[in-house]
Structures are given as structure tokens and as C-alpha cells.
Amino acid sequence: MKNAFGLLKRRRFAPLFITQFLGAFNDNLYKQAVVLFATYQIFNDAQAEQNFNAIATGLAMLPFFVLSALSGQLADTLDKARIIRIVKTAEIFIMLLGAAGIFIARAGYINIGLAIMLGSVLLLGVHSTFFGPIKYAILPQHLEDDEVLGGTGMVEAATYLSILTGTVVAGWISVEAAAILTLIVAVIGWFTGRMVPTAPRMGPKLQVNYNPITSSWRLVSATMHIPRLFLAICAISFFWTIGSVLIVIFPPLVKNVLTADERVASLTIAVFSVGVAIGSMIINQMLRGKVSAKYAPASVIAMGAVVVALAAEAWFWVPAAPDTLYGFADFIAQPQAWLLLATLLAIAVTGGMFVVPLYAFLTTTVTKDQTARTVAANNIVNAGAMTIGAITVTIISTMGVGPTPLLLLVAGMCLISAWIAQKLHLACD
């Protein structure tokens, strides 16, 4: 196994690494800024806040469900570097629209501004849908066989570090500054995207099916009949369903249970992102370049146990005085705060150890001319699962169930993920 960090010196990897980092940063900066803006400055009702967050999450996932089949076909048919350039150009216009929505809402036209902001979240989902299959499928084309797992881990770690920086920045700058920054980052990403080496079609030219329904059905059917892919995709989908529930409940949990401000809300997601990045690096070292699921069941069981601990800590949290919120310094000064943050970190580390090897199954099971479609099929199933998770949270919240009990739902889902991962381990290792 070669040193994965050494890939950052190579033009065959570094521009892609930077481009996907900037894209994920922008995506998360904008979405987090919008969610915090709505949670702390527009709405003043816990259910409305949780519902808005669920809607934003669902809209971000919808394009993956509808367009992943098309994006996978195009990535396996056209030069992947060319698609990256087109996608990064579109991102600039999306961020222009998103910035306009923020300033319109700030001007007092709340409903119009919210509609434009949610529309921009949807378009960012389209952007990510077409970029997603490429960032994994291009790796076997540009890297040596013993570099693929390390490269996958680096991409996955960078994705979560970009979530970290995006969510932290969103909590510490004004929403207007966030709008301007997303435009600047989109322009930088446009330049780095043009430096990605060419990655032409590897196999015969495909007959592209532009019907999103039939193409999605055929793509998923063609992928899921392979046992190890079926089990890997199911396990990844359960993980991201868990992730979608956590993403939806984190801001309301911080505001209404931990009684803390938006900077603390960003801190919790940032800690989670750091943990997944750490977990992805740890599991890469443990497996030493081998694609295996042998540690996945134990990792996700440990994740579920720590989620239960987080629920208990939230349950016994001492809230701030009525009608006040803990600021960043006040929150950190609370005796329980460091234990709670350590628990969040542990959840994320175990989650990263669980999911990263499963992505490597997607790109190493099939031939190189089929990798983008395999990742796209995974994205379709993942998006459907995450959307179901967001809808489930919305329905449960209308019954008066708060974010703390929902953590117990997450813990139960971890057991299902462990069962699927164990089947994958027995089938493939």
C-alpha cells in the first residue's frame, strides 16, 4: 500500500482532490448558512425549524434520486474531466442565484427569499449529482490498483473536512458574507477543475437513456444483482439514512435542547465531520490497502452504542436561563460540554470506519468502464434512503417527538447496518 498523502503531489490526483473539496465546502457552507438563517432569524418554532431543515435535506437529495442514472451514463460515456468543467461553470450561476435569495430575504421578502434559497439548494444537489460519480469513478482510471483505497479514503476524508470548514464558517460569519464567499469559492473551483487531467471513456460508447425513471430502474437493477454490490449499497444507504436523520435534528437539538446559538450548532456538525475524516484514515491504515468489510459490523455497533450515550447526555443537559442561548464560550464552559463533544466525535469516527471501505467495493468490483454507473446506482439508492429518513423525521416531529428521542431511532438503525455489513463481510472476505 502506497502512502495516500503522497498522491497530493501528483497532478493525476491533486486537482480533483482540491476541486471536490471546494465543491463540497460550497455546498455545505450555503446549505448550513441557509438552515441557520432560517432556524435562528426567521422561524421561532421548534417544529417549523425541524421541518424546514428536513425540506432542505430532501431537496438536496432529490436530484441524486432522479438524475444519478443519467450522470453515471454520461460519466462512463464522455470525458470525465470535460464534465467536471461544465459542472463547475454551472456552480458559479447557481451561487449567483443563491446569493440573490439571501439578499432578497434580508430585504424583508421572506417567502420569496426562502423559495429562491431552497431552489438553490435543489440546484446544488443537481451539481453534486453530476460530480459525485466522477470523483470516485475517475480514481481507478488515474491511480494504480494499490492506490485506489488510499485515494478513496483521501477523497472521503476531504469531503468531510470540507463539511467541517463549510459548517464552521457558516456559523461564524453573517449570511450575507456567506453568500459572497460561495461565489468566490465557485470561481476558484472553476480554475482547479480545468487542471484535472483528461479521463476519456474506457469502454464502448453507451446508448444514453435520458428517461430518468427507466434509466434509474435499469441501472439499479443491473447493479444490485451482484451480491457484494447489493450488500455494500444497502449498508451505505442505511448509513446515510442515519446521517440524514442526524443532519435534520442537529440544529433543533442544539437550539432547543442544548439551548445554544448557531456557532455551537456549526461546532457540532464540524466535530462530526472531523470524526468521519479521522475514521476514514484509521480504517485505511488498519486494512493496509485491502478492500474488506471485516471491521464494518463492529464499527457501526460501536456507533450505535455511542449514539445512545449522546441521547442520555442530551437528556440530562442543563439548559440556559429562559429566553437565552449559550454562546460559544458559555457552551464550552459547561461541565458536560466536553463529554458531549467527545461523544459526537466518537460517533463520527466509528461511522467513518464503517462506510469508507464500503465505497471501495463500488469501484473495485466492476470493470473501470462501469465504475461511474455503479457509483450512480449507489447514489440513487442512497438518495432514496436519505429522503425517506428526512420524511420520517418530519412525520415523527409532527407527533410531538423531539430530537433527543430520535437519537434512539438512529441507534436502532445502526443495528440493521451492522447486520447487513456482517453479511457483506461473510460473502466477500
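Owing to the predicted nature of the structure, the values given are computational and were not obtained by experimental measurement.
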Q. Are the side chain of T165 and the backbone N or O of S162 linked by a donor-acceptor pair below 3.5 Å?
A. yes
Q | Shortest non-hydrogen contact between P403 and V257, atoms and distance | A | CG-CG2, 3.8 Å
Q. What's the verdict on side-chain contact (heavy atoms from CB on, under 4.5 Å) for L310 and V410, showing C-alpha distance, side-chain angles and the deciding distance?
A. CA-CA 11 Å; L310 177 64; V410 169; over 6 Å; no
Q) For the residue pair F239 and F354, does the interplanar ring angle fall in the parallel (under 30°), tilted (30 to 60°) or perpendicular (over 60°) class? A) tilted
Q: Cation-pi check, K88 to F131: give yes when NZ or CZ is under 6.0 Å from the six-membered ring centre and within 45° of the ring axis, no otherwise.
A: yes
Q) Can any side-chain N or O of S299 pair as donor or acceptor with the backbone N or O of Y295 at less than 3.5 Å? A) yes
Q: Provide the full list of salt bridge (Lys or Arg N to Asp or Glu O under 4.0 Å) pairs with a residue in residues 171-182, sequence neighbours left out, each pair given once.
A: R106-E176
Q. Passes side-chain contact (heavy atoms from CB on, under 4.5 Å), T392 versus V245? Steps please.
A. CA-CA 8 Å; T392 301; V245 174; over 6 Å; no
Q.
Within the 3.5 Å criterion, strictly below it, is a donor on T198 or K80 matched to an acceptor on the partner's side chain?
A. no
Q: Spell out, as yes or no, whether a donor-acceptor pair under 3.5 Å connects the side chain of N28 to the backbone of A24.
A: yes
Q: Name all pairs fulfilling the salt bridge (Lys or Arg N to Asp or Glu O under 4.0 Å) condition that reach into residues 378-387, sequence neighbours left out, sorted by first residue then second.
A: none
**Q.** ring pair (Phe, Tyr, Trp, His ring centres under 6.0 Å) contacts touching residues 44-69 (sequence neighbours left out)
**A.** F43-F52
Q) In terms of side-chain heavy atoms, does Q73 have a donor or acceptor partner in N209 at a distance below 3.5 Å? A) no
Q | pair V185-L29: side-chain heavy atoms closer than 4.5 Å | A | no
Q) With a 4.5 Å limit on heavy-atom distance, are the side chains of S128 and D27 in contact? A) yes
Q. Looking only at heavy atoms, what is the nearest atom pair of V121 and A56, with distance?
A. CG1-O, 3.5 Å
Q) Taking everything shown except W419 itself, do over 12 heavy atoms lie less than 6.0 Å from its CH2? A) no
Q. Taking all atoms of both residues into account, what is the closest heavy-atom pair of P251 and V35, and its distance?
A. CG-CG1, 4.0 Å
Q. If we ignore angles and hydrogens, is there a donor and acceptor under 3.5 Å between the side chains of N53 and T39?
A. no
Q | Side chain proximity check, Q32 to V168, heavy atoms < 4.5 angstrom | A | no
Q.
Return the CD1 to CD distance between I84 and Q20, rounded to the nearest 0.5 Å.
A. 10.0 Å
(Q) Within the 4.5 Å heavy-atom criterion, are I301 and C414 side-chain neighbours or not? (A) no
Q) Between atom CG of L59 and atom CG of L124, what is the distance when rounded to the nearest 0.5 Å? A) 11.5 Å
**Q.** Closest contact, heavy atoms only, P357 versus G352
**A.** CD-O, 4.4 Å
Q. What closest approach, in Å, do A385 and T241 show between heavy atoms, and which atom pair accounts for it?
A. CB-OG1, 3.0 Å
Q) Between T192 and T19, does any side-chain donor sit less than 3.5 Å from a side-chain acceptor? A) yes
(Q) W338 vs F331, test: ring-ring contact (aromatic ring centres under 6.0 Å, His included). Steps then yes/no. (A) CA-CA 9 Å; W338 289 100; F331 176 81; 9.0 Å; no
Q) How many angstroms lie between CD1 in I242 and CG in L409, if you round to the nearest 0.5 Å? A) 9.0 Å
Q) Is there side-chain contact between I396 and L406, with heavy atoms separated by less than 4.5 Å? A) yes
Q | Criterion side-chain contact (heavy atoms from CB on, under 4.5 Å) on L258 and Y326, from CA distance to verdict | A | CA-CA 8 Å; L258 305 182; Y326 289 124; 6.0 Å; no
**Q.** Note, T350 side chain near V300 side chain (heavy atom, < 4.5 Å)
**A.** no
(Q) The criterion is ring-ring contact (aromatic ring centres under 6.0 Å, His included); which residues satisfy it with Y30, sequence neighbours excluded? (A) none
Q) Do W190 and T89 get their side chains close enough for a donor-acceptor pair, meaning under 3.5 Å? A) yes
Q: Verify, without hydrogens or angle tests, whether R194 (side chain) and A81 (backbone) share a donor-acceptor contact under 3.5 angstrom.
A: no
Q) Quick one: OG1 on T387 to CH2 on W240, what's the gap to the nearest 0.5 Å? A) 13.5 Å
Q) Which side chain to side chain donor-acceptor pair (under 3.5 Å) pairs, counting each pair once, include a residue from residues 306-316, with sequence neighbours left out? A) E313-T343
(Q) When you compare the side chain of L267 with that of L341, does any pair of heavy atoms fall below 4.5 Å? (A) yes
Q. Are the side chain of E91 and the backbone of V87 linked by a donor-acceptor contact shorter than 3.5 Å?
A. no
Q: Would you please test L123 and F93 for side-chain contact (heavy atoms from CB on, under 4.5 Å) and show each step?
A: CA-CA 10 Å; L123 291 174; F93 293 99; over 6 Å; no
(Q) Could you measure the distance from the OG atom of S237 to the CG atom of N378? Nearest 0.5 Å is fine. (A) 6.0 Å
Q: Would you please classify the geometry between the F21 ring and the F17 ring as parallel, tilted or perpendicular, with 30° and 60° separating the classes?
A: parallel
(Q) Has T259 got a side-chain atom pairing as donor or acceptor with P319's backbone, closer than 3.5 angstrom? (A) no
Q: Keeping the roles fixed (side chain from S71, backbone from T129), state whether a donor-acceptor pair exists under 3.5 Å.
A: yes
**Q.** Pairs meeting criterion salt bridge (Lys or Arg N to Asp or Glu O under 4.0 Å) with involvement of residues 249-262, two or more places apart
**A.** E49-K255
**Q.** Y40 OH: over 12 foreign heavy atoms closer than 6.0 Å
**A.** yes
(Q) In the structure I gave you, are the side-chain heavy atoms of M95 and N26 within less than 4.5 Å of one another anywhere? (A) yes
(Q) Measuring from atom CG of N111 to atom CD1 of I116, what distance do you get when rounded to the nearest 0.5 angstrom? (A) 11.5 Å
Q. Do you know the tightest heavy-atom contact between H127 and G23?
A. CE1-CA, 4.5 Å
